[in-house]
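Please read the structure below before turning to the comments.
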Amino acid sequence: MFSIKMRSSLGGKNGVGGKHISGAERIVKSCDVEKTVSSLLKRARNHERGKADFINLKIQEVNENEAVRVPLLKITSKKTSSKSEGRSFAKSELLRIGVSENAVKNAFEALESLSDSLRGAIVLDADSGERLDSFGMRGVRCSNMDVADKDEYEKKLSELGMAGEHAREALVLASKVAHAKGAVAELCWSDDPNYVTGYVASQKFGYTRISVMKDLGDYVGGRVFFVRLPIDLDYYIDYLQNQVVLVEV
């Protein structure tokens with residue numbers, strides 16, 4: 001199997017700085033490498049956030065026997081009509097999961113104060129609300145994950161009326177994050193200006209898709225990972241960034 005990762009940006013120099021346009025990754029069989037590369041290139045060059053002038057592709061063979069397999073989170077949806085309604089519901093869900101009021105407040109303040117999107121995630125102590133990572137605007141990247149069976153996964157999403165790349169990728173990432181040792185919850189809304197949906201996820205209650213979490217046209221998005229101490233932070237970050245995970249339906 002091969003891991004294929006794409007990152008694209010506009011402006012900057014040699015891919016450093018500038019505006020983040022898009023990023024995606026897949027883990028595919030050898031016979032699907034060329035088709036997947038073509039699809040990701042097309043996505044980078046025709047994205048709603050702009051036309052990238054820098055595209056980085058990384059292709060690396062991975063050992064399927066070293067992959068950790070985790071189950072797909074249970075999926076529920078909450079229909080909201082405004083950003084304020086969506087974020088209010090997300091706060092109540094995080095409290096229901098067991099995140100403290102202070103940690104919820106700090107998470108929303110951190111995301112709502114962003115002037116540009118985070119490439120990764122903020123890691124917060126679910127009890128104290130203290131930020132535990134030191135990656136600044138880069139955040140902690142969750143990488144090296146995909147579905148174990150693409151056809152079965154896409155069939156399930158289609159049955160739930162959740163077709164499209166946004167839902168596909170968010171569910172895979174959320175499932176990997178939720179099964180990390182010490183994980184409590186995740187909060188996210190997209191940086192794509194025409195996609196206003198966000199979610200709250202946890203191993204405890206699953207993935208809750210919230211239909212409106214930001215204003216249409218807003219280019220700023222981000223995510224927060226809540227964890228509970230004691231935790232080996234280096235091990236946790238290594239799992240998120242490097243451990244190959246295949247999500248099973």
Side-chain angles (χ1 to χ4, degrees), residues 1-64 66-68 72 114 116-121 135-151 153-154 157 162-177 186 188-195 197-199 219-223 225 237-247:
M1 301 188 77
F2 285 83
S3 166
I4 305 173
K5 299 177 183 178
M6 179 276 290
R7 178 178 66 84
S8 66
S9 60
L10 175 63
K13 186 175 181 181
N14 298 323
V16 178
K19 175 185 175 183
H20 169 71
I21 296 298
S22 66
E25 64 178 86
R26 300 285 185 268
I27 297 175
V28 300
K29 297 176 181 178
S30 177
C31 60
D32 291 326
V33 169
E34 286 79 8
K35 178 176 67 175
T36 304
V37 167
S38 177
S39 174
L40 294 182
L41 277 174
K42 182 178 180 181
R43 175 172 173 172
R45 298 175 68 185
N46 300 277
H47 200 275
E48 61 188 321
R49 286 178 58 82
K51 187 174 182 180
D53 59 10
F54 177 88
I55 302 172
N56 178 273
L57 275 165
K58 180 180 178 182
I59 305 172
Q60 182 176 356
E61 188 170 10
V62 296
N63 186 342
E64 187 175 358
E66 295 178 357
V68 170
L72 182 70
L114 292 173
D116 196 5
S117 297
L118 283 168
R119 286 181 56 199
F135 289 88
M137 283 298 295
R138 175 189 164 202
V140 176
R141 295 282 290 172
C142 184
S143 186
N144 292 301
M145 68 274 178
D146 206 339
V147 291
D149 186 321
K150 177 183 174 183
D151 292 338
Y153 183 61
E154 291 183 351
L157 291 192
M162 294 176 64
E165 297 294 344
H166 290 100
R168 181 196 191 281
E169 295 171 357
L171 269 165
V172 172
L173 185 148
S175 295
K176 176 175 180 176
V177 171
E186 178 187 357
C188 175
W189 58 82
S190 172
D191 61 359
D192 288 349
N194 296 320
Y195 189 74
T197 300
Y199 66 86
Y219 278 80
V220 180
R223 53 173 36 97
F225 299 154
I237 292 173
D238 182 68
Y239 165 85
L240 293 177
Q241 296 186 151
N242 301 312
Q243 176 62 57
V244 175
V245 168
L246 296 175
V247 178

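Only a predicted model underlies this, so the values are computations on that prediction, with no experimental measurement involved.
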*Inspect the surroundings of NZ in Lys150 and state if more than 12 heavy atoms from other residues, nucleotides or ligands are less than 6.0 Å away.*
no
Over all atoms of both residues, closest heavy-atom pair of [X] and [Y]:
X      : Y      : value
Ala44  : Ser22  : CA-OG, 3.8 Å
Tyr195 : Ala167 : OH-N, 4.2 Å
Arg168 : Leu157 : CA-CD1, 3.8 Å

Taking [X] for its side chain and [Y] for its backbone only, find out whether a donor-acceptor pair lies under 3.5 Å.
X      : Y      : answer
Ser175 : Leu171 : yes
Asp238 : Gln243 : no
Asp192 : Asn194 : no
Ser117 : Gly221 : yes

Would you give the length of the straight line joining atom [atom1] of [X] to atom [atom2] of [Y], rounded to the nearest 0.5 angstrom?
X      : Y      : atom1 : atom2 : result
Leu173 : Asp146 : CG    : CG    : 11.5 Å
Ser8   : Arg45  : OG    : CZ    : 11.5 Å
Lys176 : Cys142 : NZ    : SG    : 4.5 Å
Arg141 : Gln241 : CZ    : CD    : 9.0 Å
Met145 : Leu240 : CE    : CG    : 9.0 Å
Ile55  : Leu10  : CD1   : CG    : 11.0 Å

Is it true that [X] and [Y] have a side-chain N and a carboxylate O under 4.0 angstrom from each other?
X      : Y     : value
Glu169 : Arg43 : yes
Arg7   : Glu25 : no
Asp32  : Lys29 : no

*asked:* Run the side chain to side chain donor-acceptor pair (under 3.5 Å) test on Lys5 and Asn56 for me, step by step, so that the C-alpha distance in whole Å, both residues' side-chain angles and the decisive distance to 0.1 Å come before the verdict.
replied: CA-CA 8 Å; Lys5 299 177 183 178; Asn56 178 273; over 6 Å; no
Is the shortest heavy-atom distance from the side chain of [X] to the side chain of [Y] under 4.5 Å?
X      : Y      : answer
Leu114 : Met137 : yes
Leu118 : Arg223 : no
Val33  : Val28  : yes

*Applying side chain to side chain contact (heavy atoms under 4.5 Å, CB included) between Phe2 and each of Ile27, Ile59, Val62, report the one that passes.*
Ile59
